[in-house]
Amino acid sequence: MMTKLETVYALWPELEWIQDVGLRNKTAQTWQLALEKSVLTSEDLNTIPFTLLCGPDLKVSFMAHKRCVVHIAKEAALKMNSFFEKELPVDMDVLIAGAILADVGKLLEYELKEGKAVQGTYGKYLRHPFSGVALAEQCEVPPEVCHIIAAHAGEGDMIKRSVEAYIVHHADFMTFEPFRERLKP
Ligand SMILES: [Fe+2]
């Protein structure tokens, strides 16, 4: 039997990329707390589609999408750091923790209806940028990382984003919008 924390690390091997051990632990604990509160299990996360907005035929899993966003964000930030150096520094630990946590609140957006994961009432009132910040704050995740959770989606268009939040926002949307709608030959 895996411990709860081992389950989180099995879901998210990218946690090891966070150099600061304290931040890595807080990030992992936030996911653990979300799994404890969610109707979804870690197995569900590897099987359910990553969004409910792209119809019933979408086969890309929740984890495949979330992990892809973290990988894209990290590679983009490394390129920006190497080309722009001190002109636009990206904090890699903050970026990676924020990318891992951006959608953690989604675990509270689901209810089970006849065995299927559907959007629940809680998620209608509190979209995942809000519930994600609430979960992360309980685990003492610092504000610069909570900012990424808060600002990664459309709500973030209303505020000034950090460079790390910009990167996560675009990594997320470039891997979501073409599934929802794109020009097809
Ligand atoms: Fe999101």
If you measure from [atom1] on [X] to [atom2] on [Y], what distance do you get to the nearest 0.5 Å?
X: Thr51; Y: Phe179; atom1: OG1; atom2: CZ; result: 10.5 Å
X: Gln138; Y: Lys26; atom1: CD; atom2: NZ; result: 14.5 Å
X: Asp172; Y: Glu177; atom1: CG; atom2: CD; result: 9.0 Å
X: Thr30; Y: Glu137; atom1: OG1; atom2: CD; result: 10.0 Å
X: Ser131; Y: Tyr122; atom1: OG; atom2: OH; result: 5.0 Å
X: Leu95; Y: Glu144; atom1: CG; atom2: CD; result: 12.5 Å

Could you tell me if the side chain of [Y] sits less than 4.5 Å from the side chain of [X], heavy atoms only?
X: Glu111; Y: Val39; value: no
X: Asn81; Y: Glu85; value: no
X: Trp31; Y: Leu135; value: no
X: Leu58; Y: Phe50; value: yes
X: Tyr110; Y: Ile48; value: yes
X: Ile72; Y: His170; value: no
X: Thr27; Y: Val8; value: no
X: Phe176; Y: Cys54; value: yes

Under a 3.5 Å distance rule, please check whether [X] uses its side chain to pair with a backbone N or O of [Y] as donor and acceptor.
X: Glu14; Y: His71; value: no
X: Gln32; Y: Gln29; value: no
X: Arg24; Y: Ile18; value: yes
X: His65; Y: Val60; value: no

Same cluster (ILVMFWY, side-chain, under 4.5 Å), [X] and [Y]:
X: Leu78; Y: Val69; answer: no
X: Leu5; Y: Met63; answer: yes
X: Val163; Y: Met174; answer: no
X: Trp17; Y: Leu15; answer: yes
X: Ile159; Y: Ile148; answer: no

- prompt: Using 30° and 60° as the class limits, which term best fits the ring planes of His169 and Phe173: parallel, tilted or perpendicular?
  reply: tilted
Close aromatic pair by centroid cut-off 6.0 Å: Tyr125 and Phe130: no
[X] and [Y]: which non-hydrogen atoms are nearest, and at how many Å?
X: Arg182; Y: Pro178; answer: NH1-O, 2.8 Å
X: Ser42; Y: Leu35; answer: N-CD2, 4.0 Å
X: Cys68; Y: Thr175; answer: SG-CG2, 4.2 Å
X: Ala136; Y: Ile149; answer: CB-CD1, 3.7 Å
X: Met80; Y: Ile167; answer: SD-CD1, 3.7 Å
X: Ala34; Y: Leu108; answer: O-CD2, 4.3 Å

task: Could I get the full list of side-chain contact (heavy atoms from CB on, under 4.5 Å) partners for Gln19, not counting sequence neighbours?
output: Asp93
With a sphere of 6.0 Å drawn around [atom1] of [X], does it hold more than 12 non-hydrogen atoms of other residues, nucleotides or ligands?
X: Glu36; atom1: CD; value: yes
X: Glu155; atom1: CD; value: yes
X: Glu16; atom1: CD; value: yes

task: State, without any angle test, whether His128 and His152 hold a side-chain donor-acceptor pair at a distance under 3.5 Å.
output: yes
Polar contact flag, side-chain donor to acceptor under 3.5 angstrom, Thr47-Asp44: no
message: Go through it in stages, so that I can follow the logic: the residues are Val70 and Trp12, the test is side chain to side chain contact (heavy atoms under 4.5 Å, CB included), and I'd like the CA-CA distance, side-chain angles, deciding distance and then a yes or no.
response: CA-CA 10 Å; Val70 177; Trp12 281 111; 3.6 Å; yes
task: Could you go through the side chain to side chain contact (heavy atoms under 4.5 Å, CB included) check for Phe62 and Leu107 one step at a time?
output: CA-CA 10 Å; Phe62 187 95; Leu107 270 66; 3.9 Å; yes
message: Please enumerate all residues that pass side chain to side chain donor-acceptor pair (under 3.5 Å) together with Lys66, with sequence neighbours excluded.
response: Asp103
Salt bridge Glu109-Lys106, side-chain N to carboxylate O under 4.0 Å: no
